[in-house]
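Single-structure report; data block below.
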Amino acid sequence: LLPGAQTDIEPIRYEDGRVRYLDQRLLPGVERYVETADWRDVAGAIGTLAVRGAPLIGIAAAYGLALAARSGEMHEAARGLTSTRPTAVNLRWAIDRVVAASGGAADQVATVEAEALRLHQEQIESDERMSELGAGLLPDRATVLTHCNTGSLATGGIGTALGVIKTAHRQGKIARVLVDETRPLLQGSRLTARELERVGVRFDVIVDAAAAGIIAAGGVDAIVVGADRIAANGDTANKVGTYGLALAARAHDVPFYVVAPVSTIDAGTRTRAEITIEHRDEDEVLAFGGTRVATARASALNPAFDVTPHELVTAIVTERRVLRAPFVDAIASVVRPAAVAS
Ligand code: MRU
C-alpha cells in the first residue's frame with residue numbers, strides 16, 4: 001500500500017514495470033488479482049469494469065501509460081486508454097497530466113512512472129481530506145443513504161462519499177447506512193456492502209426503487225454520493241439513479257451531498273448539456289448473473305450515468321473545501337485558472 005492509505009483493500013498497484021489489479025467483476029465471491037505489463041490489458045480492464053470508479057480509472061490509466069512508456073507506445077496508449085469510458089473526466093485528466101509530465105523528459109520512463117505514482121498518492125491524501133470535511137456535515141446518529149461504490153475500490157484511498165461514511169463511523173456518528181444495490185451491475189450490494197462489512201458499519205442493502213419511499217417516510221438524514229464529472233456550474237454526472245435520489249431528497253428536504261476530488265471537476269464542461277453519457281451493453285440489463293431474465297426478444301436501454309442539476313445539490317465536498325451555491329463562483333475558486341475554458 002502507498003503511504004497513508006487507510007484501507008486494507010488495494011485495488012491497483014504498480015511495481016517494477018507491472019500493473020497488478022483486482023478484478024472487481026468477481027467480487028464479493030472471488031478475490032482475483034491480475035498482473036500485466038501491457039497497457040492494452042489495463043485499457044481492457046477499465047472498459048469491462050474490472051477496474052472502475054472515476055478516480056481509480058484515472059490512476060489505472062496513468063499506470064497504463066507507465067507500461068506504454070517502457071514499450072515506446074505512449075501516444076497510442078494515450079488514445080486507447082482515453083477511449084475506454086467517456087463520462088468520468090478523471091480518466092482524461094490523468095492521461096493529460098502524465099503525458100504533459102513526460103514531454104521533453106530525458107528519462108521518459110522514470111518521469112512517467114513517478115508522475116503516475118504521485119497521482120495515486122495525491123488521491124489517497126485527497127480522500128482523507130474530503131472524508132474529514134464531509135463527516136463534519138453529518139448530524140449525530142445519522143442514517144445515510146449512498147449509491148454505487150465510492151470507496152477504496154473506486155479510488156485506491158479511503159474513498160470519497162464512502163470515505164465520508166467510514167470517517168463519520170469512526171467518529172461514532174453513523175447509526176445506519178442504506179446502500180442502494182445499484183442496478184444493473186450491483187456496485188452497491190457487491191462492493192459497498194463488502195467495504196462496510198470490513199469496517200463494521202451497520203447497513204442494509206435496498207433496491208434502488210425503494211429509496212424514494214424510504215426518504216419520503218423520513219428514514220434518511222442525508223444522501224452522500226460520488227461523481228464522475230462535475231461541470232463548471234455544478235451539474236453532476238454520477239451512476240444512473242443518482243438524479244432520482246436528488247429529486248426525492250429535494251421533495252422531502254433531505255440534504256444531498258456530492259463528494260469528489262477537484263480532478264472530477266471539468267471546467268471545460270460548462271453545463272450538463274455537454275456531458276457525454278456512456279451507454280453500455282444491453283445484456284447488462286437483460287441478464288442477471290449471466291442468466292437471461294428478460295424475454296428473448298426484449299431490448300434494453302442502458303445509460304450508465306445520469307446528471308443531477310446543480311440546483312438539487314446541497315454542497316460539493318472537495319479536498320480543498322466544501323462548495324455551496326452559487327457553484328459557478330465556488331468551483332472557479334478551486335479549479336486552477338489554466339484549466340478554465342475561455
Ligand atoms: O461505472 P462505475 O462503477 O465506474 O461508476 C462509478 C460511479 O458512478 C461512482 O459513483 C463515481 O465514479 C465516483 S467513485 C469515487
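Counting starts at 1 for both ligands and their atoms, following the listed order.
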Worksheet item: How about T236 and R272: does a side-chain donor come under 3.5 Å of a side-chain acceptor?
Response: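 There is no such pair between these side chains.
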
Discussion item. Using a 3.5 Å distance criterion without hydrogens, assess whether the side chain of S102 forms a donor-acceptor pair with backbone atoms of Q108.
Written reply: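 A pair under 3.5 Å: no.
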
Practice prompt. Quick one: which residue pairs count as a side chain to side chain donor-acceptor pair (under 3.5 Å) with a foot in residues 217-227, not counting sequence neighbours?
Written response: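 Every pair satisfying side chain to side chain donor-acceptor pair (under 3.5 Å) with a residue in residues 217-227: there are none.
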
Practice prompt. Return the set of residues passing side-chain contact (heavy atoms from CB on, under 4.5 Å) with R250 (not counting sequence neighbours), or none when no residue passes.
Written response: L312

Worksheet, complete the sentence: V220 meets the side-chain contact (heavy atoms from CB on, under 4.5 Å) criterion, sequence neighbours left out, with L145, L178, I214, I215, I223, V254

Need the list: ligand 1 N/O atoms against protein N/O atoms, distance under 3.5 Å, rounded to one decimal.
residue: ligand 1; atom: 1 (O); partner: R85; partner atom: NH1; Å: 3.3
residue: ligand 1; atom: 1 (O); partner: R85; partner atom: NH2; Å: 2.8
residue: ligand 1; atom: 1 (O); partner: K239; partner atom: NZ; Å: 2.7
residue: ligand 1; atom: 3 (O); partner: R52; partner atom: NE; Å: 2.7
residue: ligand 1; atom: 3 (O); partner: R52; partner atom: NH2; Å: 3.4
residue: ligand 1; atom: 3 (O); partner: Q187; partner atom: NE2; Å: 2.9
residue: ligand 1; atom: 4 (O); partner: G53; partner atom: N; Å: 3.0
residue: ligand 1; atom: 4 (O); partner: R85; partner atom: NH1; Å: 2.7
residue: ligand 1; atom: 8 (O); partner: D228; partner atom: OD1; Å: 2.8
residue: ligand 1; atom: 8 (O); partner: N238; partner atom: OD1; Å: 3.2
residue: ligand 1; atom: 8 (O); partner: K239; partner atom: N; Å: 3.3
residue: ligand 1; atom: 10 (O); partner: N238; partner atom: OD1; Å: 2.6
residue: ligand 1; atom: 12 (O); partner: A54; partner atom: N; Å: 2.9
residue: ligand 1; atom: 12 (O); partner: D228; partner atom: OD1; Å: 3.1
residue: ligand 1; atom: 12 (O); partner: D228; partner atom: OD2; Å: 3.1

Worksheet item: Does R85 pair with D228 as a salt bridge, N-O distance under 4.0 Å?
Response: no

